[in-house]
Amino acid sequence: MKKPFLSLLALAALASCSKQNDPPAPPTLSRTELLTASPWKLTAQREVLTPPSGGAAVVTDYPVVAGALVVAYKTDGTVSANRPLQQGNPVAGGIYALTDSTLWTNVGAGSGIVRELTAHRLVLVDKWQGPTGPSQRADVYLH
């Protein structure tokens, strides 16, 4: 008789435990909050060209110098693209729009189909119809 009673007592003790001692879950950030948290640095570029004959795609990975392009999206809908390593430190300023699947800017950088947006990684893909067939470029940005 003691064993079933002790089992019930242990079960009741477990059921009465609350999650008050658990640390609170980190807040879930919106896409805009993720995008505007801090500037993004271009870290990789890959271009894929598809030949019209349907053969194998030509993949080119372009070398990217760390810090060569920094894009900052602001909560007020403005964006700046900074090339700190170029002479004169040119900066382009403009606006951006973020939807469920795309990020558009009018500064010539930091636009495309959003493939990934996390707290530390942004992957944008730009697609176009090139002279040899469908083409795309993927830009990877990190915080």
Side-chain angles (χ1 to χ4, degrees), residues 3-4 6-143:
K3 283 187 180 181
L6 289 176
S7 295
L8 284 174
L9 184 61
L11 188 57
L14 284 175
S16 68
C17 290
S18 69
K19 291 190 168 193
Q20 291 176 350
N21 295 335
D22 292 345
T28 302
L29 298 177
S30 71
R31 292 169 59 82
T32 300
E33 290 169 325
L34 289 169
L35 186 67
T36 60
S38 63
W40 296 91
K41 298 167 189 75
L42 182 65
T43 59
Q45 279 190 320
R46 170 175 279 186
E47 190 171 76
V48 179
L49 303 174
T50 306
S53 63
V58 177
V59 177
T60 306
D61 288 315
Y62 293 102
V64 174
V65 176
L69 175 64
V70 178
V71 181
Y73 305 91
K74 304 293 182 192
T75 56
D76 65 359
T78 60
V79 60
S80 64
N82 186 1
R83 297 183 187 277
L85 301 180
Q86 288 185 1
Q87 187 175 358
N89 193 11
V91 176
I95 59 173
Y96 75 90
L98 176 64
T99 68
D100 287 342
S101 61
T102 60
L103 176 60
W104 171 87
T105 73
N106 66 347
V107 296
S111 290
I113 298 166
V114 179
R115 286 278 189 244
E116 182 179 346
L117 176 55
T118 67
H120 303 288
R121 186 175 163 96
L122 171 63
V123 179
L124 300 173
V125 176
D126 187 22
K127 294 183 177 188
W128 68 93
Q129 184 63 38
T132 63
S135 303
Q136 65 181 10
R137 183 187 71 236
D139 294 339
V140 178
Y141 296 85
L142 300 177
H143 277 296

- Query: Rounded to the nearest 0.5 Å, how far apart are CG of L103 and CG of L117?
  - Reply: 8.5 Å
- Query: Once you round to the nearest 0.5 Å, how far does CZ of R46 lie from CG of D61?
  - Reply: 4.0 Å
- Determine whether V123 and V140 make a side-chain contact, defined as any pair of heavy atoms from C-beta on separated by less than 4.5 Å. yes
- Query: Looking at A81 and V107, what are the two nearest heavy atoms and their distance?
  - Reply: CB-CG2, 4.1 Å
- Item | Side-chain (R31) to main-chain (D100) donor-acceptor, under 3.5 angstrom | yes
- Item | Check: V79 and V71 side chains under 4.5 Å, non-hydrogen atoms | yes
- Note on the structure: One should read off an interatomic distance between T43 OG1 and R121 CZ, to the nearest 0.5 angstrom, of 7.0 Å
- Task: Can you measure from OG1 (T28) to CD (E33) and round to the nearest 0.5 angstrom?
- Result: 9.5 Å
- Any side-chain heavy atom of L49 sitting closer than 4.5 Å to one from T60? no
- Would a 4.5 Å heavy-atom cut-off, applied to side chains only, mark D139 and D126 as touching? no
- Query: Can you name the nearest heavy-atom pair linking A57 to V48, along with the distance?
  - Reply: CB-CG1, 3.8 Å
- Message: I want to check something: taking the side chain as every heavy atom from C-beta on, are L69 and W40 in contact at a cut-off of under 4.5 Å?
- Response: no
- Query: Taking atom CD1 of I113 and atom OG1 of T102, what is their separation to the nearest 0.5 Å?
  - Reply: 8.0 Å
- Give the minimum heavy-atom separation between P39 and V70, together with the two atoms involved. CB-CG1, 3.6 Å
- Message: Between N82 and S80, do the side chains contain a donor N or O and an acceptor N or O under 3.5 Å apart?
- Response: no
- Minimum-distance pair of heavy atoms, taken over all atoms of A138 and V125: CB-CG2, 4.2 Å
- Would you call Y96 and L35 a side-chain contact if the rule is heavy atoms closer than 4.5 Å? yes
